[in-house]
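Every heavy atom of this structure was used, including side-chain atoms; hydrogens, water molecules and symmetry mates were not. Bear in mind the structure is a predicted one, so any value in this text is a computation, not a measurement. Start at 1 and go down the list; that is how both ligands and their atoms are numbered.
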Amino acid sequence: MKKVEDIAEKIRTMEIRGAGRIAKAAAGAIRDYAAELDVVSMGEFDTRIRDVSDLLISTRPTAVSLPNAVKLASKYSSGNVEEARQEIIESANRFIEQADRALELIGKIGARRIQDGDVIMTHCNSHAALSIITTAFEEGKDIKVLATESRPRRQGLLTIRHLNDFGIPTSLIVDSAVRYHMKEVDKVVVGADAIAANGALVNKIGTSQLALAAHEARKSFMVAAETYKFSPSTIVGNPIEIEERAAEEVIDPAVLAELPHVQVKNPAFDFTPSEYIDMIVTDVGIIPPAMAYTVIREHLGWELGDL
Ligand code: RI2
């Protein structure tokens, strides 16, 4: 349990972050827990697996990759402890392998839509979006990137480091400069924490501003999202919860303590309606947002009764 608690804490504090990385970390944590779980009765096995699943899912409420990964990784049907343990190990390994393969596929598929000479704007730090950008560059396309800082946690600094390692010409901009720079941009490429059944995107706070500015300037807005980032529970009407993070991410608590009339609002994500999204690049191909429902039904394979 200690190891799972450590992983859960790292996800909560964002030492492990990014919708894809937290999904893989959670799948790995369940696998390792199941591998070492010392119980004899199946009832206890079920309870313990359910408890660690709940713990991992509770760490960050928005990224649907997390409950999807936990559900896919902890799949078992056997009523025998040893067999169920093996099933979980295999399911979790399969999920992690498929997640890595999905990133590669998204890169290859998405790069076909990037042209020589393109200026690409990206937001926050998405491994799926970066897979498209770096693949296009490695294919020899002459591209430039505008990367937002992404306050308050400044994940944009991870993005510029990654792009720099590839030798991609990159400009760092502050979040409020998005509209100012949009005229230089050909395409916006962002990642996803969740995609609802109606094609709406949930991604790092500020994403919807990029989408609005791109729409106004008639620039293309691409989302890079593995199929496990689509949200089955939105089909049955559950809303996606937006994570509200601590005030200290935004302002020094000592300064805030001197301002009794001030509070801090720090939502980590926002919604971008489907009408601002030109395409979603997934590991099963490029889809319009209106096809989100189909992706959920065909590729996540869950029946409504399971939800
Ligand atoms: P990949 C991140 O969330 C960002 O919002 C990013 O766009 C999204 O996850 C997807 O990232 P956070 O963990 O899975 O920084 O594409 O809050 O890496």
Side-chain angles (χ1 to χ4, degrees), residues 7-28 56-69 95-96 98-107 109-111 120-135 145 147-163 175 178 188-196 200-211 221-231 240-246 249-250 266-272 277 280-283:
I7 298 282
E9 195 48 25
K10 284 183 178 164
I11 295 174
R12 188 176 291 116
T13 57
M14 293 178 68
E15 189 179 330
I16 301 174
R17 55 146 296 280
R21 294 238 165 131
I22 61 176
K24 284 192 280 180
L56 288 162
I57 290 171
S58 71
T59 53
R60 295 200 69 192
T62 302
V64 72
S65 53
L66 192 56
N68 281 353
F95 174 81
I96 294 168
Q98 284 174 355
D100 287 338
R101 175 93 184 111
L103 265 186
E104 252 175 66
L105 284 168
I106 287 171
I109 295 168
I120 299 164
M121 184 181 280
T122 191
H123 187 49
C124 196
N125 178 250
S126 157
H127 298 91
L130 285 171
S131 179
I132 294 177
I133 295 169
T134 55
T135 305
V145 177
T148 57
E149 182 187 20
S150 309
R151 282 276 296 152
R153 296 191 64 112
R154 308 177 85 203
Q155 291 98 323
L157 301 185
L158 299 171
T159 294
I160 58 169
R161 194 167 286 281
H162 187 82
L163 293 168
D175 301 322
V178 160
V188 175
V189 184
V190 296
D193 285 84
I195 294 176
L201 165 69
V202 179
N203 194 47
K204 184 55 56 194
I205 189 78
T207 300
S208 66
Q209 290 175 165
L210 270 76
F221 187 88
M222 279 165 90
V223 178
E226 299 89 330
T227 47
Y228 67 83
K229 293 187 181 155
F230 287 68
S231 169
I240 294 170
E241 181 188 338
I242 298 295
E243 177 181 4
E244 187 72 36
R245 293 192 63 88
E249 290 188 343
V250 180
N266 184 21
F269 304 99
D270 66 15
F271 287 93
T272 299
I277 300 169
I280 305 176
V281 184
T282 79
D283 38 307

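- The distance criterion of under 3.5 Å between nitrogen or oxygen atoms is met by G18 with respect to ligand 1.
- The 12-atom threshold is exceeded at CZ of R245, counting heavy atoms of other residues, nucleotides or ligands nearer than 6.0 Å.
- Not a single heavy atom of E226 lies less than 4.0 angstrom from ligand 1.
- Within the structure, the closest approach of A192 to ligand 1 falls below 4.0 Å when heavy atoms are considered.
- Screening Q155, R17, H162 against N125 for a side-chain hydrogen bond (donor to acceptor under 3.5 Å, both in side chains) leaves a single residue, R17.
- For Q209, the CD atom counts as loosely surrounded, since its 6.0 Å shell holds 12 or fewer non-hydrogen atoms of other residues, nucleotides or ligands.
- Within the 4.0 Å heavy-atom shell around ligand 1 one does not find V190.
- Within the set K204, R245, H127, R17, the minimum heavy-atom distance to atom 17 (O) of ligand 1 is found for K204.
- The contact set between ligand 1 and Q155, taken as ligand atoms under 4.0 Å from a residue heavy atom, comprises 15 (O).
- Here the closest heavy-atom approach between residue V64 and residue P67 is recorded as O-CD, 3.2 Å.
- Under 4.0 Å from ligand 1, heavy atoms of A128 appear from its side chain as well as its backbone.
- For the side-chain hydrogen bond (donor to acceptor under 3.5 Å, both in side chains) test with S208, the passing option among T272, N203, D270 is D270; the others fail.
- Of all the heavy atoms of R60, the ones lying under 4.0 Å from any atom of ligand 1 belong exclusively to the side chain.
- Closest to atom 9 (O) of ligand 1 among all protein heavy atoms lies A19 N, 3.0 Å.
- D283 and T227 get closest at one heavy-atom pair: OD1-N, 2.8 Å.
- Contacts with ligand 1 closer than 4.0 Å are made by side-chain heavy atoms of M14 only, the backbone lying farther away.
- Protein heavy atom nearest atom 7 (O) of ligand 1, with residue, atom name and distance: N203 OD1, 2.6 Å.
- Scanning D193, L158, I106, L66 for the heavy atom closest to atom 8 (C) of ligand 1 points to D193.
- Counting heavy-atom neighbours within 6.0 Å of R12 CZ, excluding the residue itself, gives a total above 12.
- The minimum heavy-atom distance between E226 and A102, with the atom names listed, is CG-CB, 3.7 Å.
- Between R21 and ligand 1, not a single N/O pair is under 3.5 Å apart.
- Taking 4.0 Å as the cut-off, K229 counts as a neighbour of ligand 1 on heavy-atom distance.
- Close N/O approach between F269 and ligand 1 is not found [any backbone or side-chain N/O within under 3.5 Å].
- Within a 6.0 Å sphere centred on CZ of R154, other residues, nucleotides and ligands contribute 12 heavy atoms or fewer.
- Residues F230 and I280 have side chains in contact (heavy-atom distance under 4.5 Å, counting atoms from C-beta outward).
- Among all non-hydrogen protein atoms, the one lying nearest atom 16 (O) of ligand 1 is S126 OG, 2.7 Å.
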